[in-house]
Amino acid sequence: MQTRFIFVRHGQAEGNIPNTVLGTLESPLTHLGKEQSLERAVGLEQYAPDFVFSSPMSRAIETAEIISAHLGLPFVTDVRLT
């Protein structure tokens, strides 16, 4: 059995607009960031993933929620992904 990991960065967050590096600062996704997350979900369909994992950062959770809802998968947060 083969295990494949596909890493996806969160969509554009409000704090990214002024070219700010957010690090662990919280910042919600923009409308564009939500659209980007859905585009990524569509692109991931071809890989038929089994799980979605996310860091506990709100922008990563928003991204994971969009992706997992589109793919019909639950997602799990893990602080080690921060």
Side-chain angles (χ1 to χ4, degrees):
M1 179 161 74
Q2 181 181 14
T3 302
R4 180 185 311 187
F5 292 91
I6 302 169
F7 292 88
V8 175
R9 187 175 188 270
H10 60 79
Q12 180 190 59
E14 289 181 9
N16 296 135
I17 294 173
N19 288 329
T20 303
V21 175
L22 296 172
T24 58
L25 298 175
E26 293 288 359
S27 183
L29 293 182
T30 63
H31 180 72
L32 174 61
K34 292 175 184 179
E35 289 177 354
Q36 290 169 333
S37 299
L38 183 55
E39 288 173 8
R40 283 172 180 79
V42 170
L44 288 170
E45 290 173 353
Q46 64 184 311
Y47 299 104
D50 296 314
F51 302 100
V52 176
F53 294 92
S54 172
S55 88
M57 301 300 298
S58 63
R59 60 190 175 269
I61 289 173
E62 280 187 89
T63 301
E65 286 173 336
I66 292 167
I67 291 172
S68 64
H70 181 80
L71 297 174
L73 298 171
F75 75 93
V76 176
T77 59
D78 191 317
V79 70
R80 294 173 295 179
L81 296 172
T82 303

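Just so you know, these numbers come straight off a predicted model, no measurement behind them. Keep in mind that the numbers below use all heavy atoms, side chains included, and drop hydrogens, waters and symmetry copies.
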The reported gap from CD in Gln12 to CD1 in Ile17 (rounded to nearest 0.5 angstrom) is 4.5 Å

Students should find that the hydrophobic cluster of Tyr47, defined by side-chain heavy atoms under 4.5 Å apart, otherwise consists of Ile6, Val8, Leu44, Val52, Ile61, Ile67, Leu71, Leu73, Phe75

Is a donor on one side and an acceptor on the other found under 3.5 Å between the side chain of Glu26 and the backbone of Ser58?
yes

Interatomic distance, CZ@Arg9 vs CD@Gln36, rounded to 0.5 Å, equals 9.0 Å

query: Do Glu62 and Ser37 have side-chain heavy atoms sitting under 4.5 Å apart?
result: no

Original post:
Do Leu81 and Val76 belong to the same hydrophobic cluster, where Ile, Leu, Val, Met, Phe, Trp and Tyr are linked whenever their side-chain heavy atoms lie under 4.5 Å apart, directly or via other members?
Top reply: yes

Between the CD atom in Glu35 and the CD1 atom in Ile66, the distance rounded to the nearest 0.5 Å is 10.0 Å

For Asp50, the salt bridge (charged side-chain N to carboxylate O under 4.0 Å, His left out) test, sequence neighbours excluded, returns none

Could you go step by step and tell me if Asn16 and His10 meet the side-chain contact (heavy atoms from CB on, under 4.5 Å) rule? CA-CA 11 Å; Asn16 296 135; His10 60 79; 3.5 Å; yes

Heavy atoms of Asp78 and Pro56 approach each other most closely as O-CD, 3.5 Å

All heavy atoms of Ala60 vs all of Ser55, minimum pair found to be CB-OG, 3.4 Å

